[in-house]
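Working notes, structure below.
Source: prediction; values computed, not measured.
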Amino acid sequence: QVQLVESGGGLVQAGESLRLSCTASRNIFSINTMGWYRQAPGKQRELVATITSGGSTNYANSVKGRFTISRDGANNTMYLQMNSLKPEDSAVYYCKADLVTTVRPYNYPYWGQGTQVTVSS
């Protein structure tokens with residue numbers, strides 16, 4: 001069973017920082033593009049940032065200059081460093097990874113369970 005396990009969410013005040021982690025485990029041949037998405041109550045899930053296997057990154061305009069996405073290939077882990085957090089950043093954050101696995105030996109998107117980020121004003 002392939003798993004994406006997220007950690008690092010929590011409650012912080014505006015202006016503070018958090019770092020989210022997402023680790024892919026079990027039966028993985030390769031990891032392609034990874035990304036972070038978020039969903040606030042009553043809103044659609046939106047892209048926050050993505051990173052390719054080659055390290056190319058893409059960010060939503062709302063987080064550019066404040067968030068940094070990175071990955072550690074040796075440990076199948078992706079990070080999202082979030083600085084200067086704002087109340088509007090509050091949401092459930094989901095990691096997504098395009099994986100080739102023993103279960104699906106082709107590129108297939110997997111999602112984590114989500115981690116709550118709450119920023120108080």
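Taken from SG in Cys95 to OH in Tyr79, the straight-line distance is 12.5 Å, to the nearest 0.5 Å. Within the model, atoms OH of Tyr59 and NZ of Lys64 stand 10.5 Å from one another, a figure rounded to the nearest 0.5 Å.
Residues Val2 and Leu99 have side chains in contact (heavy-atom distance under 4.5 Å, counting atoms from C-beta outward). Inter-residue side-chain proximity for Tyr110 and Arg104 is flagged as met; some heavy-atom pair is nearer than 4.5 Å. Contact check for Tyr93 versus Met82: side-chain heavy atoms found under the 4.5 Å cut-off. Residues Lys96 and Met34 fail the side-chain proximity criterion, which asks for heavy atoms closer than 4.5 Å.
Contact detail for Ser121 and Pro87: the closest heavy-atom pair is CB-CG, 3.8 Å. What you find for Met78 and Gly35 is that their closest heavy atoms are CE-O, 3.3 Å. Here the shortest heavy-atom pairing between Leu85 and Arg66 reads CA-NH1, 3.9 Å.
When each of Leu80, Val12, Leu18 is tested with Val117 by the rule side chain to side chain contact (heavy atoms under 4.5 Å, CB included), just one qualifies, namely Leu18.
With Thr77 contributing its side chain and Asn75 its backbone, the two residues share a donor-acceptor pair below 3.5 Å. Listed for the Asp89 side chain is a donor-acceptor partner under 3.5 Å among the backbone atoms of Lys86. In this structure, the side chain of Ser90 engages the main chain of Val119 through a donor-acceptor pair within 3.5 Å.
With sequence neighbours excluded, the residues forming a side-chain contact (heavy atoms from CB on, under 4.5 Å) with Gln81 are Ser17, Arg19, Thr68, Asn83, listed by chain and number.
Val63 and Ile69 fall within the same hydrophobic cluster, where Ile, Leu, Val, Met, Phe, Trp and Tyr residues are linked whenever their side-chain heavy atoms come under 4.5 Å apart, directly or through other members.
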Q. What do the steps show when you test Tyr108 against Thr101 for side chain to side chain contact (heavy atoms under 4.5 Å, CB included), and what is the final call?
A. CA-CA 8 Å; Tyr108 187 86; Thr101 68; over 6 Å; no
Name the atoms and distances for all side-chain donor-acceptor pairs under 3.5 Å in residues 40-57, with sequence neighbours left out.
residue : atom : partner : partner atom : Å
Glu46   : OE2  : Arg38   : NE           : 2.7
Glu46   : OE2  : Arg38   : NH2          : 3.3
Thr52   : OG1  : Gly54   : N            : 3.2
Thr52   : OG1  : Gly55   : N            : 3.3
Thr52   : OG1  : Ser56   : N            : 3.1

Residues 25-33 side chain polar contacts: donor-acceptor under 3.5 Å, at least two apart:
residue : atom : partner : partner atom : Å
Asn32   : ND2  : Asn107  : OD1          : 2.6

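Aromatic ring pairs are classed by plane angle as parallel below 30°, tilted from 30° to 60° and perpendicular above 60°; the pair Tyr94 and Trp111 is perpendicular.
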